[in-house]
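Quick notes on the structure that follows.
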Amino acid sequence: MRGLFTDITGQEMAVGLLTRALEQGASHAYLFSGPPGVGKTEAALAFAAGLACPEGGCGVCATCRRVKEGLHPDIEIVAPEGNFIRKEEITEINLHAVYRPYEAKAKVYIFLEADSFNIEAANAFLKTLEEPPGHVHFILVTDRPERLLPTIASRCQLVTFSPVAARAIAADLSGRLGVKEREAELIARVAGGNLSYARELATSDTVRRQRDVLLDLARDLPRAGLLDTEVALDDAMASVESREAEVVPEIKAELKRALEWAGDARTKKWLEKRSEDKIKRQQRRLRTQGLQTLTHVFAGWYRDLALVSAGAEDAVLNRDRLSELQTVVRPGGLRAYTDAVEAVQKAEERLRYNVDARLAVGDMFRSIKEALA
Ligand SMILES: [Zn+2]
């Protein structure tokens with residue numbers, strides 16, 4: 001079972017709880033809750049592999065591998081289409097849940113963004129959640145637990161994930177990816193507890209460029225004219241969308257490998273459908289991540305300016321930009337920079353509740369400019 005959770009870093013409590021559950025017998029429903037980018041989805045897939053694997057979660061057999069890739073017929077991954085998980089989807093699950101698993105030891109349903117049930121879907125789901133068939137497990141994953149219906153949340157065992165400590169992130173980057181110590185420390189600081197963002201900063205040129213573009217935008221925004229602000233908004237939104245195409249080749253390659261093993265035409269068709277769903281899901285995830293990165297980088301920049309203006313250079317996040325921060329900082333600007341950070345936090349809050357993204361970011365730009373006028 002040791003191999004199952006090796007990709008999860010800095011979540012000893014959660015991993016301990018899940019490991020014990022696999023050893024001693026798992027509950028029927030779990031709620032994985034915690035901030036974005038700390039490994040909840042990866043842990044859900046690993047835990048599902050543990051439930052499905054004939055060896056109790058070896059991490060290396062065909063079952064474990066297929067579950068982790070999201071290509072196992074007994075492990076269903078459900079994500080919202082548009083803003084909601086809809087009732088039709090749940091009705092289908094209620095119907096299928098009663099049948100025995102095809103080949104695995106258990107049937108597992110993983111709900112991503114599990115706070116997105118609309119009310120009809122939630123009510124339909126409650127019925128199955130109250131009396132699930134013996135072979136069924138549900139894993140609900142969310143970073144907005146406050147939006148879940150209490151009747152649903154109270155029927156799940158809570159598994160809490162925390163922001164990953166900077167030290168743990170730096171060690172992860174050095175140990176796993178061979179990043180040099182100083183660089184790993186810088187990235188860990190910049191990522192602010194978000195492990196998956198840290199790993200991307202360490203491995204992807206696109207993500208590093210995206211950060212540079214966003215930092216430049218944050219720096220130049222206060223002085224930008226009306227037209228420049230519009231262009232900046234286009235650039236910011238382009239940075240959010242820039243990565244959506246990235247996932248396609250990788251998932252297509254995965255599908256190709258899976259098809260080589262697939263027997264009949266029906267299995268092939270099923271795999272293709274699964275793969276399409278996965279592309280949609282990953283693109284949705286990248287878009288959400290893009291928006292989170294945007295607000296994270298903007299908030300970090302103005303927070304750094306507030307720190308520099310207060311003489312607290314040591315606490316700056318964007319260490320690699322310190323001299324630039326010192327050049328553009330306005331003496332006595334602490335209050336204005338704090339207001340700018342608040343404007344970003346407000347946008348972040350609106351984006352969490354599915355407000356039109358361009359609108360929310362445009363409003364954020366205006367508020368920042370007002371604060372720093
Ligand atoms: Zn296994």
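- Looking at heavy atoms from C-beta onward, Pro36 lies in side-chain contact with Asp143 at the 4.5 angstrom threshold.
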Fill in: From CA spacing to verdict: side-chain hydrogen bond (donor to acceptor under 3.5 Å, both in side chains), Asp264, Thr267
CA-CA 6 Å; Asp264 52 17; Thr267 313; 2.2 Å; yes
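- Between the side chain of Lys280 and the backbone N or O of Ser275 there is no donor-acceptor pair closer than 3.5 Å.
- Proximity of Phe32 to Phe161: side-chain heavy atoms (C-beta onward) are separated by under 4.5 Å at one or more points.
- The distance between the ring centers of Phe47 and Phe5 does not fall below 6.0 angstrom.
- The existence of a salt bridge linking Arg350 and Asp363 is confirmed by a sub-4.0 Å separation between a basic side-chain nitrogen and an acidic carboxylate oxygen.
- Classification of Asp115 and Arg144 as a salt-bridged pair holds, one side-chain N sitting under 4.0 Å from a carboxylate O.
- At a threshold of 4.5 Å between non-hydrogen side-chain atoms, the residues Tyr353 and Arg147 count as touching.
- Counting only heavy atoms from C-beta outward, the side chains of Leu294 and Met364 approach each other to under 4.5 Å.
- Under a 4.0 Å N-O distance rule, the pair Glu113/Arg284 qualifies as a salt bridge.
- Note on Lys68 versus Glu42: no salt bridge recorded, every NZ/NE/NH1/NH2 to OD/OE distance being 4.0 Å or above.
- Between Phe111 and Tyr30, the distance from one ring center to the other does not fall under 6.0 angstrom.
- A heavy-atom distance below 4.5 Å is found between the side chains of Val78 and Ile85.
- Ion pairing between a basic and an acidic side chain is recognised when a charged N comes within 4.0 Å of a carboxylate O; Asp212 and Arg208 show no such pairing.
- For the pair Val341/Phe298, no side-chain contact is recorded, criterion being any heavy-atom separation below 4.5 Å from C-beta on.
- Arg211 and Asn318 are linked by a side-chain donor-acceptor pair at a separation below 3.5 angstrom, with hydrogens and angles left out of the test.
- Annotation: side chain to side chain donor-acceptor pair (under 3.5 Å) contacts involving residues 154-175, sequence neighbours excluded, comprise Thr9-Asp172, Ser27-Gln157, Glu130-Arg155, Asp172-Arg176, Asp172-Arg199.
- You'll find the side chain of Gln11 reaches within 4.5 Å of the side chain of Val164, heavy atoms only.
- Taking the ring centroids of Tyr302 and Tyr337, they lie at or beyond the 6.0 Å cut-off.
- The pair Arg358-Asp234 meets the salt-bridge criterion, since a charged nitrogen lies less than 4.0 angstrom from a carboxylate oxygen.
- Residues Ser33 and Leu158 form a side-chain contact, since some pair of their non-hydrogen atoms from C-beta on lies under 4.5 Å apart.
- Taking the charged nitrogens against the carboxylate oxygens, Glu324 and Arg321 do have a contact shorter than 4.0 Å, which makes a salt bridge.
- One N or O on the side chain of Lys107 and one on the backbone of Tyr99 form a donor-acceptor pair closer than 3.5 Å.
- The residues Glu146 and Arg352 are annotated as salt-bridged, a charged nitrogen and a carboxylate oxygen being separated by less than 4.0 angstrom.
- Scanning both residues, Gln289 and Arg243, for their nearest heavy atoms gives OE1-NH1, 4.4 Å.
- With salt bridges taken as basic N to acidic carboxylate O contacts below 4.0 Å, one links Arg66 and Glu103.
- Counting only distance, with no hydrogens or angles, the side chain of His28 and the backbone of Val136 share a donor-acceptor pair below 3.5 Å.
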